[in-house]
J.: 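Okay, handing you the structure first.
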Amino acid sequence: MRYWLMKSEPDAFGIDDLAARPGQTEPWDGVRNYQARNMMRDDMQPGDQILFYHSNCNPPGIVGIAEVARAAYPDHTAFDPDAKYHDPKSDPANPRWYMVDVRYVRHLRRQITLAELKAHADGALQDFPLVRRGNRLSIMPVEPAQWDFILGLEGP
DNA sequence: GCCAACGTTGGC
DNA sequence: GCCAACGTTGGC
């Protein structure tokens, strides 16, 4: 089992939206970045655990935990001319983009803000992409030690 | 709203 | 294959 962090804008789809579908799965569509796609397609497996991160909000940070419910399959929204993330270069015979399904696990007892994570950028989270400058990856791997450290910040 | 950082595109 | 232009991300 692996650990991941996935970013979402709460205005579009936040942890509360995911929690509103208890036990159900939600497609994580719209990923249009090759690095993120490759990780989803090649490395994500059902049961993998996900830090759910809120971006483009105040304050940004980790707000909950989700899990991978289904391994990668073609992102059909790329085929749809009316979809927001339509990509004419992707078609069913040769899909360019993939998505996974995720499932709500729980809210964190408190949000762990980006500022708090950055306070450990020279320590336990030294190699964590999120706290490095200019990071724009919407999906990133989390090492087991990083996962434990971050959840340790959550407190009782 | 600003803007730094970064990925993608396309001319050459 | 280089690289300038452009678009997007996302913190602030």
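Since the model is a prediction, treat every value here as computed from it, not as a measurement.
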J.: Applying salt bridge (Lys or Arg N to Asp or Glu O under 4.0 Å), name anything that partners A/Arg41, two or more places apart in sequence or on another chain.
T.: none
J.: Name the residue closer to the 5' end of DNA chain B, choosing between A/Arg133 and A/Asn56 according to the nucleotide with the nearest heavy atom.
T.: A/Asn56
J.: Indicate whether the side chain of A/Asp16 and that of A/His107 have a donor and an acceptor atom separated by less than 3.5 Å.
T.: yes
J.: Can you give the donor-acceptor pairs under 3.5 Å from side chains of residues 95-102 of chain A to other protein atoms, not counting sequence neighbours?
T.:
residue	atom	partner	partner atom	Å
A/Arg96	NH1	A/Tyr34	OH	2.9
A/Trp97	NE1	A/Asp87	OD2	2.7
A/Asp101	OD1	A/Tyr73	OH	2.4
A/Asp101	OD2	A/Tyr73	OH	3.4

J.: Would you list the pairs meeting side-chain hydrogen bond (donor to acceptor under 3.5 Å, both in side chains) in which at least one residue belongs to residues 116-127 of chain A, sequence neighbours left out?
T.: A/Arg110-A/Glu116
J.: Are the side chain of A/Asp29 and the backbone N or O of A/His76 linked by a donor-acceptor pair below 3.5 Å?
T.: no
J.: Going 5' to 3' along DNA chain C, which nucleotides are the first and last within contact of chain A (any atom under 4.0 Å from a heavy atom)?
T.: C/dG7 to C/dC12
J.: Looking at A/Gln35, is its backbone amide N or carbonyl O close enough to the side chain of A/Asn38 to form a donor-acceptor pair, meaning the two atoms are under 3.5 Å apart?
T.: no
J.: Looking at A/Arg133, I want to see if its CZ is surrounded by more than 12 non-hydrogen atoms of other residues, nucleotides or ligands under 6.0 Å.
T.: no
J.: Among all residues two or more places apart in sequence or in another chain, which pass the side-chain hydrogen bond (donor to acceptor under 3.5 Å, both in side chains) test with A/Arg103?
T.: A/Glu67
J.: For DNA chain B, determine which residues of residues 29-39 of chain A have any heavy atom closer than 4.0 angstrom to one of its atoms, and list them numerically.
T.: A/Tyr34
